[in-house]
Asks: 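Before we start, here is the structure in question, set down as structure tokens.
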Amino acid sequence: MSNESSAAPQYDVVIIGAGFSGMYMLHRARDLMGLSARVIEAGDGVGGTWYWNRYPGARCDSESYYYSYSFSSELEQEWKWSSRYPGQPEILTYLDHVADRFDLRRDIQFENTVASAHFNDAENYWTLGFDGSDETVTARFVVGAVGCLSLRNTPNFPGLDSFKGDWYHTGAWPHEGVDFSGKRVGLIGTGSTGIQATPVIAAEADHLTIFQRTPNFSIPARNAPLDAETAAEIKANYAEIRQRCRESGHGFPFETIERLASDVSDEERNSIYEALWEQGGFRFLAESFSDLRTDQEANDTAANFIRQKIREMVKDPEVAEKLLPFNHPYGTKRPPIDTDYYDTFNRDNVSLIDVRKAPIEAITPDGVKTADGEYPLDVIVFATGFDAMTGPLLNIDIRGAGGVRLADVWEGGPRTYLGLQVAGFPNFFTVTGPGSPSVLTNMPVAIEQHVEWISDCIAHMNEHGLTRIETTDEDQEAWVQHVSEAADETLFPKANSWYVGANVPGKSRVFMPYVAGMDVYREKCNEVVANGYEGFVTA
Ligand code: NA7
């Protein structure tokens, strides 16, 4: 690949990834701004996360009516969601519909994986190269819409190659599905994915063995069909619902609660938790008390409530004990929500293995070997998550001004200004990058804000005849510091979560998302613009 060409770049904008972010970015750049734009996508269809994660039980933990685009009122009025939480197939059908409705596919290059992105410092454009091809694409601007959870984390257990059965990572599930009937299945990982997959696999398999390293706090989802009356009410009030999402701290249309856990009696607190437990979903965290993620004692009240529920739901006290979370405050790892997760441990064909006590040592030809035994299996499912937030970008050989490698700049953890740009990488924007509220938010809300900010920035540059925009080291360092201080005011850093990169051996421990809230962040981004793109240098 060459960086030397002085021909005009082929595109105004090249977008990496055709998920929620990339699709909207394409629509804005091409249809609303009249720019030449191209999306490069590794898969053979749109959908990003929802294209790859086809595992049994895959479902969104945000409710369908607000886990969707808000940019087109026609789209939101015409689309019909079937249930409270949309399943993966339905979300993918929705995204396929969006691709067709806005005629996006003609500008998406499928089955191409971006391997490199190099900046031409003299002429201010990027050249992108692909895996297994000599083809290159050039663009004035690059938008990394690569997703936060798209680079799979498959632990490097010795012997995996020798396994005689089949193994799968939930994040690259076969399109034709997997038949578990009559099979002895092993599932490694009890994050949101493992918790969703467990009941569905258990119902089909001959036997399911779950290998758990860390028990989690899971809240019932209470999924149900979305009845016609509720759907009509949502549609009638969509403008207000969207407004509430945009103005909220986490992109949800929930009620803002100012009450502290210590403001109420034990009895009242318990009945608040009980009512939210019955309602199901993220409201348990969002609408109970405002200090659950900042005050350990407050957190303990919620954690103890959930532990008691687990004890009540799981009949075998020894199994229940193993399922009790013990090493992180509630809500400091991504809180899962579930359908019948704990009940599944009452089935005869399910066993739970604690691999914290006796770690997995190897995969053998016949199954999984831990420090205290071997478990014969026909199928192994890795629900072991992702190299989150930084992984998908670092998986590309990104070189900025002067050939500086992103991998070197981020060696000690991600450094960004607003999660939108990295100093030394002009004209390269990231959607929901580290340093922005991102994964702590209902994602479409964070995505739309970023895509709109980036589009407006490019429009501003075009209006003013500018060809280069880059943040400064100084502004970036101040932002990195602020992101870190914001996290330190909370309980988040206490957990070994993927938010801090703890799930990937050797990854620098840095709290990556910005915790202060989408509302605060949105205001900051608006201020940056009002102050003439403060923190950026343009030319
Ligand atoms: P997560 O939340 O990262 O969960 C991965 C699970 O896999 C978690 O229980 C891990 O245990 C476990 N894991 C990872 N590596 C190992 C090894 N080496 N041995 C045993 N167990 C291991 O990923 P998910 O796919 O569930 O969820 C990702 C996000 O998708 C989710 O947060 C939502 O935002 C949607 P650990 O907790 O690290 O001890």
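Predicted model only: the values in this text are computed from it and were never measured.
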Asks: Quick one about Glu297 and Ser262 (side-chain donor to acceptor, distance below 3.5 Å, no hydrogens or angles considered), yes or no?
Replies: no
Asks: Can you tell me if Thr190 uses its side chain to pair, donor with acceptor, with the backbone of Gly194 under 3.5 Å?
Replies: no
Asks: If only side-chain N and O atoms count, and only distance matters, is there a donor-acceptor pair under 3.5 Å linking Ser64 with Arg59?
Replies: no
Asks: Between Tyr65 and Lys235 (side chain of the first, backbone of the second, donor and acceptor by atom type, cut-off under 3.5 Å), is there such a pair?
Replies: no
Asks: Run the salt-bridge test on Arg184 and Asp378 with the 4.0 Å N-O cut-off and return the result as yes or no.
Replies: yes
Asks: Looking at the rings of Tyr69 and Phe20, which for Trp means the six-membered one, are their centres under 6.0 Å apart?
Replies: yes
Asks: Just checking, any donor-acceptor pair under 3.5 angstrom between side chains of Glu274 and Asn270?
Replies: no
Asks: Quick one about Tyr273 and Thr301 (side-chain donor to acceptor, distance below 3.5 Å, no hydrogens or angles considered), yes or no?
Replies: yes
Asks: Do Leu260 and Ser290 have side chains that approach each other closer than 4.5 Å (heavy atoms only, starting at C-beta)?
Replies: yes
Asks: Apply salt bridge (charged side-chain N to carboxylate O under 4.0 Å, His left out) to Glu78 and list each qualifying residue two or more places apart in sequence or on a separate chain.
Replies: Arg101
Asks: Would you call Arg222-Glu278 a salt bridge at under 4.0 Å N-O?
Replies: yes
Asks: Does CD belonging to Glu229 count more than 12 external heavy atoms closer than 6.0 Å?
Replies: no
Asks: May I ask you to decide if the ring planes of Trp79 and Trp81 are parallel, tilted or perpendicular, using 30° and 60° as cut-offs?
Replies: perpendicular
Asks: Under 3.5 Å, side chain of Thr416 to main-chain N/O of Pro434, donor-acceptor pair present?
Replies: yes
Asks: Decide side-chain hydrogen bond (donor to acceptor under 3.5 Å, both in side chains) for Tyr55 and Gln196; before the verdict, give the C-alpha distance in whole Å, the side-chain angles of both, and the deciding distance to 0.1 Å.
Replies: CA-CA 9 Å; Tyr55 60 85; Gln196 286 186 339; 2.6 Å; yes
Asks: Taking side chain as C-beta onward, heavy atoms only, is Asp316 less than 4.5 Å from Phe345?
Replies: no
Asks: Where is the tightest heavy-atom contact between Asn442 and Gly251, given as atom of each residue plus distance?
Replies: ND2-O, 3.0 Å
Asks: So, do Met512 and Cys148 sit near enough that their side-chain heavy atoms are less than 4.5 Å apart?
Replies: no
Asks: So, Arg334 versus Asn216: side-chain donor-acceptor pair below 3.5 Å or not?
Replies: no
Asks: Report the relative orientation of the aromatic rings in Phe382 and Trp167; use parallel for angles under 30°, tilted for 30 to 60°, perpendicular for over 60°.
Replies: perpendicular
Asks: Determine, step by step, whether Phe305 and Trp277 satisfy the side-chain contact (heavy atoms from CB on, under 4.5 Å) criterion, reporting the C-alpha distance in whole Å, the side-chain angles of both residues, the deciding distance to 0.1 Å, and the verdict.
Replies: CA-CA 10 Å; Phe305 177 90; Trp277 180 269; 3.9 Å; yes
Asks: Using 0.5 Å steps for rounding, measure from the OG atom of Ser271 to the CG atom of Leu276.
Replies: 9.5 Å
Asks: Could you check whether Phe102 and Phe71 have their ring centres less than 6.0 Å apart?
Replies: yes
Asks: Would the His450 and Tyr24 ring centres measure less than 6.0 Å apart?
Replies: no
Asks: Between Asp166 and Lys183 (salt bridge meaning N to carboxylate O under 4.0 Å), is one present in this structure?
Replies: no
Asks: Okay, side chain of Lys322, backbone of Leu352: is any donor-acceptor separation there less than 3.5 Å?
Replies: yes
Asks: Quick one: sort the Tyr51 and His175 rings into parallel, tilted or perpendicular, breaks at 30° and 60°.
Replies: perpendicular
Asks: When rounded to the nearest 0.5 angstrom, what is the spacing between CG in Leu95 and OG in Ser68?
Replies: 10.0 Å
Asks: Assess whether a salt bridge exists between Arg28 and Glu448, defined as any Lys/Arg side-chain N lying under 4.0 Å from an Asp/Glu carboxylate O.
Replies: no
Asks: Does Val46 form a side-chain contact (heavy atoms from CB on, under 4.5 Å) with Met23? I'd like the steps, not just the answer.
Replies: CA-CA 8 Å; Val46 298; Met23 290 170 65; 3.8 Å; yes
Asks: Can you see which heavy atom on Asn223 is nearest to which on Tyr85, and at what distance?
Replies: OD1-N, 3.0 Å
Asks: Any sub-3.5 Å donor-acceptor pair from Gln88's side-chain atoms to Ala58's backbone N or O?
Replies: no
Asks: Using atom types as modelled and distance alone, determine if a side-chain donor or acceptor of Arg259 lies under 3.5 Å from a backbone N or O of Ser288.
Replies: yes
Asks: Work out which heavy atom in Cys525 is nearest to a heavy atom in Leu420; give both atom names and the distance.
Replies: SG-CD1, 4.4 Å
Asks: Are side-chain heavy atoms of Phe282 and Phe254 found at a separation under 4.5 Å?
Replies: yes
Asks: Can the ring centroids of Tyr375 and Phe211 be said to lie less than 6.0 angstrom from one another?
Replies: yes
Asks: Can a donor-acceptor pair be found, under 3.5 Å and without considering hydrogens, that links the side chain of Lys333 to the backbone of Gly191?
Replies: no
Asks: Is it the case that the side chain of Gln449 and the backbone of Arg522 share a donor-acceptor pair, with hydrogens and angles ignored and the cut-off at 3.5 Å?
Replies: no
Asks: Does the pair Gln308 and Asn304 meet the rule for a side-chain hydrogen bond (donor to acceptor under 3.5 Å, both in side chains), with working shown?
Replies: CA-CA 6 Å; Gln308 185 51 31; Asn304 288 334; over 6 Å; no
Asks: Which pair of heavy atoms, one from Gly331 and one from Arg293, lies closest together, and at what distance?
Replies: O-NE, 3.0 Å
Asks: Salt bridge check, Asp266 against Arg269: does any charged N sit closer than 4.0 Å to a carboxylate O?
Replies: yes
Asks: Donor-acceptor check, side chain of Asn346 to backbone of Met313, threshold 3.5 angstrom: yes or no?
Replies: yes
Asks: Give a yes or no on whether the ring-centroid distance for Phe386 and Trp498 is below 6.0 angstrom.
Replies: no
Asks: I'd like to know if Arg105 and Asp96 make a salt bridge, using a cut-off of under 4.0 Å between side-chain N and carboxylate O.
Replies: yes
Asks: Using the side-chain contact (heavy atoms from CB on, under 4.5 Å) rule, take Asp263 and Glu258 through it: C-alpha gap first, then chi angles, then the decisive distance, then the call.
Replies: CA-CA 10 Å; Asp263 286 346; Glu258 303 293 352; over 6 Å; no
Asks: Strictly below 4.0 Å, N to O, side chains only: are Glu240 and Arg244 in salt-bridge contact?
Replies: yes
Asks: For the pair Trp173 and Phe180, name the ring-plane relationship: parallel under 30°, tilted 30 to 60°, perpendicular over 60°.
Replies: tilted
Asks: Test Asp338 against Ser218 for side-chain hydrogen bond (donor to acceptor under 3.5 Å, both in side chains), laying out the working first.
Replies: CA-CA 6 Å; Asp338 73 89; Ser218 187; 2.7 Å; yes
Asks: Among Thr384, Ile360, Val368, which residue meets the side chain to side chain contact (heavy atoms under 4.5 Å, CB included) test with Phe157?
Replies: Ile360
Asks: Please report the shortest heavy-atom distance between Pro493 and Asp488, naming the atom on each side.
Replies: CG-OD1, 3.8 Å
Asks: Minimum heavy-atom separation for Val314 and Ala320, please, with both atom names.
Replies: CG1-N, 3.7 Å
Asks: Check the pair Leu104 / His27 against side-chain contact (heavy atoms from CB on, under 4.5 Å), numbers first and verdict last.
Replies: CA-CA 7 Å; Leu104 299 178; His27 171 58; 4.1 Å; yes
Asks: So, His169 side chain and Gly171 main chain: donor-acceptor pair closer than 3.5 Å or not?
Replies: yes
